[in-house]
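Beneath this line is the structure, given in structure tokens, with notes to follow.
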Amino acid sequence: MFEVISFYFFAIVTLGAFWITVMSKSALYSMTALAMGMIMISGFFFLLNADFLGVVQIIVYTGAVMAIYAFGMMFFDTIKEVKEKNPSNILIFVLGGLSALLVVIIFAAPMYSEHINALYPMVTQTLGEGDQAIEQVVLNSESVGVVLFTKYLIPFEVAAVMLLVAMIAGIVLAGKKMDESLTLMSDAEIEERGF
Amino acid sequence: MITVSHYLVVAALMFAIGLIGVMRRKNLLMLFFATEILLNAVNVALAALSNHFGDLTGQMFAFFIIAIAASEVAVGLGLLIVWYKRTGRLDLDELTTMKG
């Protein structure tokens with residue numbers, strides 16, 4: 001019962017927040033709604049016994065990605081409304097729906113296959129002895145750590161290098177003229193150099 | 001009773017919303033928000049299937065998708081800032097320098 005209530009709550013709130021993100025005219029409202037949707041998605045992960053993924057979702061998406069967007073929006077003029085001519089014709093909605101249907105088919109196809117076995121099953125351990133023995137799933141973060149640092153060690157390292165490259169790229173792209181200090185210059189100087 | 005199909009339907013709805021955003025948004029920053037929605041929708045589907053099969057591989061792929069999303073944001077926002085400094089606009093229709 002608890003699962004049903006929480007699932008529908010998270011589903012409705014997430015979809016509503018994402019709809020605001022897509023349809024809002026103000027960049028600030030859009031970003032705030034996106035952050036709310038991200039937090040609610042972590043609720044899905046906790047419901048699905050993916051505790052570690054839910055925590056990573058909150059830390060990385062809401063903590064890091066949305067913070068980067070918030071800092072990036074300081075460069076843009078976010079208060080005024082975004083002027084864009086949105087082609088709001090029926091074709092876009094139909095195409096969006098059809099592509100989403102395709103995604104469902106892609107993800108649902110393995111469910112009806114009979115040849116799928118769990119290669120990396122959730123680790124269980126036996127507690128107690130004899131008749132009172134119970135199978136208990138080891139903590140999700142523990143089993144994730146075991147799989148991540150054995151089978152997926154190389155992709156993990158490659159992802160680390162990719163994040164480093166992305167960090168350097170972000171610094172190089174956004175950090176032009178960083179060798180001149182804006183705080184030590186007078187207002188006239190800043191006007192003159194056109195920052 | 002909530003089954004894996006419920007989660008897949010919600011993920012598909014999220015994906016549809018993200019696709020509608022990608023197709024109708026003309027502001028580059030808003031376009032980035034829509035791509036984040038797409039990535040999140042797939043993450044939910046992967047976590048649901050991972051739970052359904054009792055297999056951790058789906059969660060592993062979700063982790064790597066999160067890492068890719070983080071680096072995409074860093075590089076993409078850097079490019080957006082450079083473009084905004086040069087033109088003062090963030091309109092997709094103005095990126096037509098390759099028009100023949």
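Predicted, not measured: the structure shown is a model, and the values here were computed from it. Sequence lines set the chain letters: A, B, ... in the order given, protein chains first and strands last, and positions in each chain run from 1.
At a 4.5 Å heavy-atom cutoff, the contact between F18(A) and chain B is made by backbone and side-chain atoms alike. Both the backbone and the side chain of V4(A) come within contact range of chain B, each with at least one heavy atom under 4.5 Å from a heavy atom of that chain. Proximity to chain A is limited to the side chain of V4(B), based on heavy atoms less than 4.5 angstrom apart. Neither the backbone nor the side chain of M1(A) comes within contact range of chain B, judged by heavy atoms closer than 4.5 Å. Only the side chain of Y8(A) comes within less than 4.5 Å of a heavy atom of chain B; its backbone N, CA, C and O stay farther away. Contact of I41(A) with chain B is made through the side chain alone, with heavy-atom distances under 4.5 Å. Residue contact with chain B, scored on non-hydrogen atoms closer than 4.5 Å, involves the side chain of L34(A) exclusively. Looking at A169(A), the atoms closer than 4.5 Å to chain B (heavy atoms on both sides) all sit in the side chain, from C-beta outward.
Criterion: ILVMFWY side-chain heavy atoms under 4.5 Å apart, direct or through other members. Under it, F7(A) and V13(A) are part of a common hydrophobic cluster. When hydrophobic clusters are built by joining Ile, Leu, Val, Met, Phe, Trp and Tyr residues whose side-chain heavy atoms come closer than 4.5 Å, directly or via intermediates, L39(B) is grouped together with V56(A). M36(A) and F46(A) sit in two unconnected hydrophobic clusters of ILVMFWY residues. Membership requires side-chain heavy atoms under 4.5 Å apart, directly or through other members. No continuous path of ILVMFWY side-chain contacts below 4.5 Å connects I58(A) to I68(B), so the two sit in separate hydrophobic clusters. L102(A) and L91(A) fall into different hydrophobic clusters, where Ile, Leu, Val, Met, Phe, Trp and Tyr side chains are chained together by heavy-atom contacts under 4.5 Å.
Using modelled atom types, one side-chain atom of R25(B) and one backbone atom of V22(A) make a donor-acceptor pair closer than 3.5 Å.
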Please determine whether ring pair (Phe, Tyr, Trp, His ring centres under 6.0 Å) holds for the pair Y152(A) and F63(B), giving the CA-CA distance in whole Å, both sets of side-chain angles, and the decisive distance to 0.1 Å. CA-CA 11 Å; Y152(A) 290 99; F63(B) 284 126; over 10 Å; no
Worked check of side-chain contact (heavy atoms from CB on, under 4.5 Å) between L19(B) and L95(A): CA-CA 8 Å; L19(B) 268 179; L95(A) 278 178; over 6 Å; no
Evaluate Y7(B) against L47(A) for side-chain contact (heavy atoms from CB on, under 4.5 Å), listing each step before the verdict. CA-CA 10 Å; Y7(B) 286 100; L47(A) 279 180; 3.5 Å; yes
Stepwise side-chain contact (heavy atoms from CB on, under 4.5 Å) test for I81(B) and L173(A): CA-CA 8 Å; I81(B) 288 169; L173(A) 285 172; over 6 Å; no
Can you list the steps and then say if M23(A) with I20(B) is a side-chain contact (heavy atoms from CB on, under 4.5 Å)? CA-CA 9 Å; M23(A) 293 297 161; I20(B) 290 168; 4.2 Å; yes
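Each of L77(B), L29(B), L80(B) was checked for a side-chain contact (heavy atoms from CB on, under 4.5 Å) with M73(A), and the lone residue meeting it is L29(B).
Contact between I2(B) and E3(A) at its shortest, heavy atoms only, is CB-OE2, 4.0 Å. Counting all heavy atoms, side chain and backbone alike, A70(B) lies closest to L163(A) at CB-CD2, 4.2 Å. For the residue pair S30(A) and M30(B), the shortest heavy atom distance occurs at OG-SD, 3.7 Å.
For the atom pair OH of Y61(A) and CD of E36(B), the computed distance is 5.0 Å after rounding to the nearest 0.5 Å. One distance of note links CD1 of I66(B) with CD of Q57(A); it measures 5.0 Å at 0.5 Å rounding. The structure places CG of L53(A) at 9.0 Å from CE of M60(B), a figure rounded to the nearest 0.5 Å.
Side chains of F10(A) and V10(B) form no contact here, defined as non-hydrogen atoms less than 4.5 Å apart. Residues F93(A) and M23(B) fail the side-chain proximity criterion, which asks for heavy atoms closer than 4.5 Å. Put simply, the side chain of N40(B) does not reach to within 4.5 Å of the side chain of F44(A), judged on heavy atoms. Residues V165(A) and S71(B) form no side-chain contact, since every pair of their non-hydrogen atoms from C-beta on lies 4.5 Å or further apart.
Across A100(A), G72(A), A64(A), G37(A), the residue that shares the most heavy-atom pairs under 4.5 angstrom with chain B is A100(A). Options V9(B), L8(B), V22(B) differ in how many heavy-atom pairs under 4.5 Å they form with chain A, and the most are formed by L8(B). Interface check for chain A: of the options G76(B), A48(B), A11(B), the most heavy-atom pairs under 4.5 Å are formed by A48(B). Here P155(A) is the residue among P155(A), A160(A), G170(A) with the most heavy-atom pairs under 4.5 Å with chain B.
Screening residues 20-47 of chain B for ring pair (Phe, Tyr, Trp, His ring centres under 6.0 Å), with sequence neighbours left out, gives Y69(A)-F33(B).
The side-chain hydrogen bond (donor to acceptor under 3.5 Å, both in side chains) search around N43(B) returns none, not counting sequence neighbours.
Residue-environment remark: CZ (F61(B)) stays at or below the threshold of 12 foreign heavy atoms within 6.0 Å.
With ring centers used as reference points, F64(B) lies 6.0 Å or more from F156(A).
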